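Only one structure is covered here, and it is reproduced in the block below.
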Amino acid sequence: MKMTLFSRRAIARCAMAAVLLSSVAGLAVPAFAADPVELRYFYRAPWPSSEIYANWLIDEWNKKNGDRIHVTGASVDGETYKTKQTIELASSNPPDVFYSWEGGRAQEVIKNGFAADLTPYYAKYGWDKFLVPASVSLATFGDKKYFVPTEIGASVVWYRKDLYEKLGLKVPTTWDELMANAEAGKKAGLWPFLLANQKKWPSQFMWSAILVNKFGLDTYQGLVNNTIPWTDPSAVETTKIMADLAKADMFEPSFNSIDVGPAMVPWSQGKALHWYQGSFNLGRFRGDQPKCCVVPMDYFPMPSIDGKKPVMSVFAEDTIMIHAKSPHKDEAAEFVDWMISKPAMTEKLAIDKPFPSSTQGDLSSLSEMEQRLGKEMASAGQFTFMHVDHATPPAISDRFLDSLQGVLAGAITPEDAMQQTEDEAVRTRGKI
Amino acid sequence: MAEVSLTHIEKRYGAHTIIPSLDLTIPDGEFTVLVGPSGCGKSTTLQMIAGLESISAGRLMIGGVDVTHLPPKDRNISMVFQSYALFPHMNVRDNISFGLKTRRVPAAEADQLVAVVSKRLKLENYLDRLPRELSGGQRQRVALGRALVRRPGVFLMDEPLSNLDAKLRVEARSFLSKMHQELGITTVYVTHDQSEAMTMGSRIVVMNGGTIQQAAAPMEVYRRPANRFVAGFIGSPSMNFVDLDVASPAELVDATNGIRVSVPQHRQIELAKSGLRSVTLGLRPEHIRLLAAGDTRPGATSFKIEVCQFLGSETLLDITHGACRVIARVGPEEVVKQGEERIFAFDMDHAHFFDPDTGNNVALDR
Amino acid sequence: MTTSPRSGESPGFFAFAREHTFVTIFGILMPLAVFAVFVGYPILFTIYLSLFEWNGMTPDKTFVGLENYRHMIGDSHFQIALINNFKWLAVTLAFPVLAGLLIAYALRNRILPAAALVRTIIFFPVTMSLISVGLMFLLILNPLFGAFDTVLRSVGLGFLVTEWFGNYKVAIYTLAIVSGWAFTGMPMIFYYAGLGDVPKETFDAARIEGAGHWRMLTKVAIPQLRPVTAVVVMLTLFESLRAFDLVAVMTKGAPFGYTNVLGYIVYLESFWNTRFGYGAAISVAILAVSALMALIILKKLMKGAFDV
């Protein structure tokens, strides 16, 4: 990993030297011989499209500014980024600009002194004027801002429009209506909800949505911010609801053996009616179509439970930090500014996937449904909630996800599951 | 007890024929030795009788049963290997009783049989030892015991003595012969050692190039070899061969070396009948006589003694006359010196005449 | 300075070194240095690290003594992982080792045709990376469109179909068998070579004495293959204790930690949960288990295996 970084850097140096030599030989600009500032950008590329986009971003920058500020990229795949990031950040030669998750992970990075305070740059470039407010509120810890969101997402209930029409169903506005629709789907031989929980993170989406909508945002924030223990009745009750859904065959059979990628097959075949998932799946839903989606589908937010006002989960999917030890913070901020500029955001939509964190982003290339969702997210005054694995340190979320999967498989009780999560949380953060 | 009969047996590996067609009947109780140089097909033949090699064509009968395509275990045979092939992880008792166990002989009976065999083979004190704790001779006896204990109809031995030193080998030879006399089990014994074949077999089968050259009692093979190959292979040192022209049935001539041999009256008819213009004369070393100096009887020829080998009970002489080189065997009492010229004569009463083209013995050719 | 050799005293290391400079440098000191740097130091550092609490980011570590070990004993996930390692070992000893032996035996005795081809096919997965093996089997065992379930159903064994990864009672065995599939070629090659060294005549003798394949295998081949078995068992042991790749690519410990193995929780605790001290303590546990098992094997299985 490090070797390739060095060698890439070495190659860049050699190329630079060659350019300089030739310019000196030609006596074109003999006075200009200063090295450009070298920036290293460490990014996470969970999809092939993310890699393509990151390369475009870097190449475009270097084309324009490479003689002054030269950026070298290093990517890591979606699943192992945390492990490699730890090593990168703690090294004596850390990246200047790096990807970080929001929430608990971001807190950890900040706590260890790796993240530079970006508040002055927010002021200098006016980032908060055009970034989606919800995403800016995520970047704010205390009175300081530590990251710049580049991609935001929301979790909603995706549903098959054609199947709804066939079964004569209406978009539900309450939990009970949703359950009635699910029952109708089940009667028609459909899977009411897709879960695709093999890698254990997908089930938390529905879990946190139910918890927030049933017990309120404050309860959820209390859980993930260590003021309410995981053994709280709200958490146990929510886990029980998930278990009951599983028992009532509301999910596809073998949901603990199916990963999200393969689940796209039954979704496309019309075997399932709903799927509560993040908007980052829009790339998958789009398939190889120019516009979303492969099959007729739409979304609605998780509806109101027990008459409470529903809250839609809006979160930052990709966020960028500048390393506190970087000697070139100003140059790094300039590069970050390019990342959230209008042309960069527009290109991201074309190459990668929605949604841009900037309100300036041109959504017109998207389908009507995506534009609608994008506007809804942009208008969300502030961030609502993020799912457990973003919100809490990995040790806790990992145990939580394990336990929830165990409950869904019928191997442990909801009480035990939350007790195990709490035990792990105590070890990480101490008793509440 | 069983008779073994091979009818038109063939062995091919792909397009390569090892044994073209072999016919042999081994009567019940006979000790038959297959002998020949390496690659002559004797081991392959034994392996086919054992069932370790498949038979490409022909029929094999053992004890009146067609066993051509039966697995080894159903052929009523047992075998002793050159390497003994003992199971290194089993003690002597388990090695000997291996075949009894596979055949589900009751334990008490098996113990009884092992006891009898080990006593006969003087192994009773070694039953709990592993093969690696035994001497070569003892290992060989264990292998024998394993083959004997089942009282097979046919006993197959593949060069069982060649891993023993010379002294043990002589002992083992007579031991095996004695055992055969007592038990009378049909035995097929393979060796490349002609002296082993001569001393042990009630009949020896000389093989070469995958075919049987001669199958007869040892002395018959020695005295009346069917062809030049058998004549040369059996007997040590080998028979001398001299190519001569037939001047008349009474006289054979090697004009270039100045050798003249007169044929006795009673042998002339063979030569006359064959009508050959030239003949290979075969003469065993003991049939070249050393004569006293000055002997001028017909056929007496002067030879130069090139090499003397004094063996104690006899002396072997490499002698030459011109380009003609032969070996003579003389008594220990003869005083000979390397390099001297002496008078020798061929004992034509014991001479063999071979057709130079076919190699066949003229006397046996019909 | 020169020293005269004193009688009655065995020459010390320095005397030896002076006399055999080349051997001392290239035969003793360099290998020792290489061992110390690449094996000894990491082991010692791991043991040292296991006495600390460290998130891998801060420059300073907190000394906690044996706290990591104390926690490990009560950690249910550690226990599950340890037991899973033994399950894995049991499966890999039973399946690939046995299958390798049987295939090698069948090839040597010409029971299977086209020996060279079969050998190549069976050995091929050994050369594949476990990552690609894992991805391949994720597809094959996929409950939605996997080939394996389809095959089972088409031959009337549909009742055997289960959630190969989702069912927490079978998932670890699924992984172990997949690893066994990829590993079978290794024991096969060892046994194939080993059987070539077993004197053919002992098999011939056994055949003549009425032994069938079962008896030849159990009474003649296996006892004579003991040195090979000792090596194969040792290899299998280390292979199973090192199990990591398949878990990482196929289940990540799911469902709910029931496919965790020690190697994977070291990774999980160290890098994912940023508890490097605890991860190091588990590494030390792996080392201890390996050493203990190796000792047992050396004592029991290898004893006398190399006597001739």
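Quick caveat, the model's predicted, so the values are computed rather than measured. A, B, ... follow the sequence lines: proteins, then strands. Residue 1 opens every chain.
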Distance col, row Lys252(C):NZ vs Lys200(A):NZ, nearest 0.5 angstrom, shows 9.0 Å
When rounded to the nearest 0.5 Å, the distance separating CG of Asp402(A) from CD1 of Ile80(C) is 9.0 Å
If contact means a heavy atom pair closer than 4.5 Å, which residues of residues 128-144 of chain C contact chain A? Leu138(C), Asn142(C), Pro143(C), Leu144(C)
Quick test of your reading: applying ring pair (Phe, Tyr, Trp, His ring centres under 6.0 Å), list the pairs with at least one residue in residues 65-99 of chain C, sequence neighbours left out, ordered by first then second residue. His71(C)-Tyr278(C)
To the nearest 0.5 Å, what is the distance between CG (Asp398(A)) and CG (Asn273(C))? 5.5 Å
Best-contacting candidate, Ala411(A), Ala90(A), Ala409(A), against chain C by heavy atom pairs under 4.5 angstrom: Ala411(A)
Evaluation steps, salt bridge (charged side-chain N to carboxylate O under 4.0 Å, His left out), between Arg275(C) and Glu424(A): CA-CA 13 Å; Arg275(C) 293 177 188 143; Glu424(A) 188 65 30; 2.6 Å; yes
Flag side-chain contact, heavy atom, 4.5 Å: Phe145(C) against Val265(A): yes
Okay, Pro393(A) and chain C: the region with an atom under 4.5 Å from a heavy atom over there is neither
Quick one, Thr86(A) and Trp272(C) - any side-chain contact, counting heavy atoms below 4.5 Å? no
Return yes if some donor-acceptor pair links the side-chain N/O of Gln198(A) with the main-chain N/O of Met250(C) below 3.5 Å, else return no. yes
Is a donor from one side chain sitting under 3.5 angstrom from an acceptor on the other, for Asn112(A) and Asn55(C)? yes
Report yes if some heavy atom in the side chain of Ile258(A) is under 4.5 Å from a heavy atom in the side chain of Phe165(C); otherwise report no. no
Calculate, to the nearest 0.5 Å, the distance between atoms NZ and CZ belonging to Lys84(A) and Phe271(C) respectively. 10.5 Å
